[in-house]
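First comes the structure, then the notes that go with it.
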Amino acid sequence: QVQLVESGGGLVQAGGSLRLSCAASGRTFSTYAMGWFRQAPGKGREFVAAIEKSGGRLYYADSVKGRFTISRDNAKNTVYLQMNSLKPEDTADYFCAAGWVVSTSPAYAYWGQGTRVTVSS
């Protein structure tokens with residue numbers, strides 16, 4: 001089992017940047033694929049980005065491609081989401097997730113509690 005804790009959310013103006021972090025407990029972090037999802041008020045959970053266990057392959061939603069970058073540091077048990085050129089429509093609660101197979105669907109076994117990102121226009 002793994003526990004996930006997100007951080008780095010906040011309020012930023014449109015065009016700004018934020019870096020989200022997701023720290024995982026346990027010594028098996030490198031055996032999990034990791035994903036980031038978001039949920040805007042009144043909407044369903046949406047895929048943002050995912051990364052394979054080794055970090056070899058990356059996946060992005062079309063809406064964030066070219067602006068967001070997912071990465072991981074297995075030595076620090078942490079996955080990151082660098083968000084640049086933020087838009088008001090990026091406003092949402094952001095969740096990280098861990099699973100045994102990388103996926104763009106929310107088919108992950110473990111989830112964090114989320115961190116809120118608000119982008120003002």
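The chain is numbered in sequence order, starting from 1.
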(request) Using the salt bridge (Lys or Arg N to Asp or Glu O under 4.0 Å) rule, take Lys65 and Asp62 through it: C-alpha gap first, then chi angles, then the decisive distance, then the call. (result) CA-CA 5 Å; Lys65 203 170 291 184; Asp62 287 343; 3.2 Å; yes

(message) side-chain contact (heavy atoms from CB on, under 4.5 Å), that's the test. Do Ile70 and Tyr60 meet it? Break it down for me.
(response) CA-CA 8 Å; Ile70 188 171; Tyr60 295 99; 3.6 Å; yes

(request) Report the C-alpha distance between Leu81 and Thr69 in whole Å, list the side-chain angles of each, state the deciding distance to 0.1 Å, and finish with yes or no for side-chain contact (heavy atoms from CB on, under 4.5 Å). (result) CA-CA 6 Å; Leu81 185 68; Thr69 302; over 6 Å; no

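For the disulfide (SG to SG under 2.5 Å) condition, no pair includes a residue of residues 51-95, sequence neighbours left out. Applying the ring-ring contact (aromatic ring centres under 6.0 Å, His included) test to every pair with at least one member in residues 38-57, sequence neighbours left out, gives these pairs: Phe37-Phe47. Residue pairs meeting the ring-ring contact (aromatic ring centres under 6.0 Å, His included) criterion with at least one partner in residues 67-94, sequence neighbours excluded, are absent. Sorted pairs that involve residues 74-86 and meet salt bridge (charged side-chain N to carboxylate O under 4.0 Å, His left out), not counting sequence neighbours, are lacking altogether.
Proximity of Cys96 to Tyr110: side-chain heavy atoms (C-beta onward) are nowhere separated by under 4.5 Å. With contacts defined as side-chain heavy-atom distances shorter than 4.5 Å, the pair Thr118/Val12 does not qualify. Residues Trp111 and Leu4 are not in side-chain contact: their nearest non-hydrogen atoms beyond the backbone lie 4.5 Å or more apart.
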In residues 16-26, what donor-acceptor pairs under 3.5 Å come from side-chain atoms, sequence neighbours left out?
from, atom 1, to, atom 2, distance (Å)
Ser17, OG, Asn84, OD1, 2.9
Ser25, OG, Gln3, N, 2.9

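Using a distance-only test at 3.5 Å, with no hydrogens or angles considered, no donor-acceptor pair links the side chain of Ser30 to the main chain of Asn74. Using modelled atom types, one side-chain atom of Glu6 and one backbone atom of Gln113 make a donor-acceptor pair closer than 3.5 Å. Remark: the backbone N or O of Glu46 is not paired with any side-chain donor or acceptor of Arg38 at under 3.5 angstrom. The backbone N or O of Gly9 sits less than 3.5 Å from a side-chain atom of Thr115, completing a donor-acceptor pair.
By the salt bridge (Lys or Arg N to Asp or Glu O under 4.0 Å) test, Arg57 is found to be paired with no residue, residues two or more places apart in sequence or in another chain being considered. Residues passing the side-chain hydrogen bond (donor to acceptor under 3.5 Å, both in side chains) test with Lys43: none are found, sequence neighbours excluded. In this view, Asn77 satisfies the side-chain hydrogen bond (donor to acceptor under 3.5 Å, both in side chains) rule with no residue, not counting sequence neighbours. Annotation: side-chain hydrogen bond (donor to acceptor under 3.5 Å, both in side chains) contacts of Ser103 (sequence neighbours excluded): Ser105. Listed by chain and residue number, nothing satisfies the salt bridge (Lys or Arg N to Asp or Glu O under 4.0 Å) test with Glu89 (two or more places apart in sequence, or in another chain). The side-chain hydrogen bond (donor to acceptor under 3.5 Å, both in side chains) check on Tyr108 picks up nothing, with sequence neighbours excluded.
Note on Trp100 and Val2: same hydrophobic cluster, where clusters join Ile, Leu, Val, Met, Phe, Trp and Tyr whose side-chain heavy atoms are under 4.5 Å apart, directly or indirectly. Grouping the Ile, Leu, Val, Met, Phe, Trp and Tyr side chains by contacts below 4.5 angstrom, directly or via other members, places Val119 apart from Phe95. Transitive grouping of hydrophobic side chains (ILVMFWY, heavy atoms separated by less than 4.5 Å) brings Val79 and Leu58 into a common cluster.
Separation of atoms CE (Met83) and CH2 (Trp36) is listed at 8.0 Å; rounding is to 0.5 Å. Put simply, CZ on Arg67 and OG on Ser85 are 7.0 Å apart, with the number rounded to the nearest 0.5 Å.
Arg72 forms no cation-pi arrangement with Tyr32, by the criterion of a distance under 6.0 Å to the ring centre and an angle within 45° of the ring axis.
Looking at every heavy atom in both residues, Val48 comes nearest to Val64 through O-CG2, 3.5 Å. The two residues Thr104 and Tyr59 come nearest to each other via the heavy atoms CG2-CB, 4.4 Å. What you find for Ser121 and Pro88 is that their closest heavy atoms are CB-CG, 3.8 Å.
Counting Ile, Leu, Val, Met, Phe, Trp and Tyr side chains that sit under 4.5 Å apart, directly or through other members, Val5 stands alone, with no cluster partners.
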